[in-house]
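Below, chains carry the letters A, B, ... as their sequence lines are ordered, and counting in each starts from 1.
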Amino acid sequence: MPELPEVEVVRTGLASLLLGKKVVSAKAFRADLRYPLPDFSLLTAYKLQAIRRRSKYLLFDFYSDDQSPKTLVWHLGMTGQFHVLPKAMSGEKHEHVRFDFDDGSSLRYRDARRFGFAGLLSTADWSQHAWFKHLGVEPLRDAFDVAELLSHCRGRKAPIKNMIMDAHVVVGVGNIYAAESLFLAGIHPARAAGRISQKRLSMLVTAIKTTLAAAIQAGGSSISDFVQVDGKPGYFAHTFHVYGREGESCMRCGVKIRKITQAGRSSFYCPSCQH
DNA sequence: CTGAAGACCTGCCTGC
DNA sequence: TGCAGGCAGGTCTTCA
């Protein structure tokens, strides 16, 4: 389900419901998702102190009075969903993990395609884990600027779309927001990254920040099966400029939107507005 | 090193 | 109505 904005919306939703609660029990209903799952029962009697986000990962910080702090790391893959439901409510289809808290609420993880994954790490050194060690900058931070992007693009022949979707370069930009950002910046998705002027890369940096921030503001736009943490369907209608609009008219110039395949993924663009 | 392609899974939509 | 085929938000591994 998620690109960065959706993960951020899930983060704030879960934080509003669960911070300060103590884990009474925690268990998985299968041994693995994408990777083997950790022993969630180790979190019993821990309290949830904070929920952070790095890239598309959620970081749940737990503490206890007599044991060292732990950080539960979670990636939602393509179809992962967290719901907070009453403890008594029965499990849903594809529910793989549940955490019960001391106030009677219950956090459930569903994931039809099981591309999600989780790990239980020490709070002191989670960032040294292989999942995080080589990640690029956060797109909404000041550290993501034209100099940073230029340093990765210089001399590269790979298409710019692949470059901005590469988590070593900048994190959190998925297929949908890559397409939308490139439209806003007027850059063709297949253009070689090393052959784009600094001025246009600068516009791209701004477009990525604007697009992601707007999507977070809208409550996480994109996904047809996006569901809010209270379990209610939470599909926020959102009009994209190019994503999913093959054959329809460009909102800016009227020319028909085209679709191509890059690195096995669909790319949408306006042949008149993007070069 | 770079870049492309395949793999992991299930659900849903399209077309015959 | 049934069923094969294609496609889907992400990431990692393999191969040329």
Side-chain angles (χ1 to χ4, degrees), chain A residues 1-11 29-37 53-58 73-82 92-97 109-119 129-136 139 151-182 189-195 208 211-212 215-216 218-228 233-238 240 242-247 259-268:
Chain A
M1 108 176 152
E3 295 188 31
L4 185 149
E6 289 72 37
V7 177
E8 183 61 24
V9 169
V10 169
R11 186 189 72 75
F29 303 116
R30 55 178 304 127
D32 49 37
L33 293 172
R34 177 170 181 161
Y35 306 122
L37 288 167
R53 179 190 59 73
R54 170 72 171 116
S55 183
K56 295 168 188 165
Y57 294 82
L58 289 166
V73 172
W74 213 296
H75 196 295
L76 300 171
M78 294 269 238
T79 51
Q81 300 175 345
F82 277 115
E92 303 161 289
K93 194 173 185 191
H94 301 302
E95 186 173 300
H96 304 305
V97 186
Y109 180 72
R110 294 180 70 193
D111 191 344
R113 285 172 77 179
R114 304 205 303 268
F115 283 2
F117 50 98
H129 191 280
W131 291 337
F132 302 99
K133 227 174 172 176
H134 304 293
L135 287 181
S151 74
H152 291 282
C153 290
R154 201 172 274 132
R156 297 289 295 274
K157 290 180 181 164
I160 184 64
K161 183 190 177 227
N162 301 20
M163 198 63 58
I164 60 175
M165 287 181 67
D166 182 346
H168 299 93
V169 176
V170 57
V171 302
V173 183
N175 204 36
I176 294 175
Y177 297 115
E180 293 299 304
S181 300
L182 287 165
R191 189 167 186 87
R195 300 196 54 239
I208 289 170
T211 305
L212 294 177
I216 292 170
S221 53
S222 45
I223 321 137
S224 61
D225 64 353
F226 184 56
V227 178
Q228 292 174 293
Y235 180 41
F236 297 85
H238 185 92
F240 297 121
V242 289
Y243 184 82
R245 298 191 66 239
E246 183 188 16
K259 174 175 152 178
I260 55 173
T261 299
Q262 296 180 272
R265 316 291 299 273
S266 295
S267 287
F268 301 86

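- Atoms NE2 and CE, from H152(A) and M163(A) in turn, are 9.0 Å apart once rounded to the nearest 0.5 Å.
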Under the rule of Watson-Crick or G-U wobble with both distances under 3.5 Å, where | means paired to another strand and [ ] a crossing pair, DNA chain C maps to .|||||||.|||||||
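- In this structure, the ring of W74(A) has its center less than 6.0 angstrom from the ring center of F82(A).
- Going from atom CD of E246(A) over to atom C1' of dA8(C) covers 15 Å, rounded to whole Å.
- Here the closest non-hydrogen pair linking Q262(A) and P159(A) is NE2-CB, 3.3 Å.
- At a threshold of 4.0 angstrom between heavy atoms, the contacts of N162(A) are confined to the sugar-phosphate backbone, with no base atom among them.
- Atom CZ of F117(A) is separated from atom P of dG10(C) by 12 Å (rounded to the nearest Å).
- In this model, no side-chain donor or acceptor of R265(A) finds a partner on the base of dA8(C) within 3.5 Å.
- A close approach under 4.0 Å does not occur between any side-chain nitrogen or oxygen of H75(A) and OP1 or OP2 of dG10(C).
- With rounding to whole Å, M165(A) atom CE is found 13 Å from dC12(C) atom P.
- The interatomic distance linking R113(A) (CZ) with dG10(C) (C1') rounds to 9 Å, in whole Å.
- Among the heavy atoms of the strands lying under 4.0 Å from G174(A) are primed sugar atoms or P, OP1, OP2 only; no base atom is included.
- Ring centroid separation for the pair F29(A) and H96(A) does not come in under the 6.0 Å cut-off.
- Contacts of E246(A) classified as side-chain hydrogen bond (donor to acceptor under 3.5 Å, both in side chains), with partners at least two apart in sequence or in another chain: none.
- Atom-to-atom, CG of L135(A) to C1' of dT11(C) comes out at 11 Å; the value is rounded to the nearest Å.
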Is there a side chain to side chain donor-acceptor pair (under 3.5 Å) between E180(A) and T211(A)? Walk through the geometry before answering. CA-CA 7 Å; E180(A) 293 299 304; T211(A) 305; over 6 Å; no
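- Classification of E8(A) and R53(A) as a salt-bridged pair holds, one side-chain N sitting under 4.0 Å from a carboxylate O.
- A sub-4.0 Å separation between OP1 or OP2 of dA8(C) and a side-chain N or O of T79(A) is absent.
- Straight-line distance from the NE2 atom of H134(A) to the P atom of dT11(C): 15 Å, rounded to whole Å.
- Nearest approach of A178(A) to K161(A), heavy atoms of both residues: CB-CG, 4.2 Å.
- Nucleic acid contact class of A263(A) (heavy atoms, under 4.0 Å, all strands): none.
- Annotation for P2(A) and L76(A): closest pair CG-CB, 3.7 Å, computed over non-hydrogen atoms.
- Distance, Y57(A) OH to dT11(C) P: 6 Å, rounded to whole Å.
- Residue R114(A) is classed as a sugar-phosphate contact, given heavy-atom separations below 4.0 Å to backbone atoms only.
- For DNA chain B, the contact window with chain A, defined by any atom under 4.0 Å from a protein heavy atom, covers dT2(B) to dG11(B) in 5' to 3' order.
- The CD atom of Q81(A) sits 19 Å away from the P atom of dA8(C) (whole-angstrom rounding).
- Taking atom P on both dC3(C) and dC9(B), the two are 24 Å apart, rounded to the nearest angstrom.
- Salt bridge R34(A)/D32(A): absent, no basic N to carboxylate O contact under 4.0 Å.
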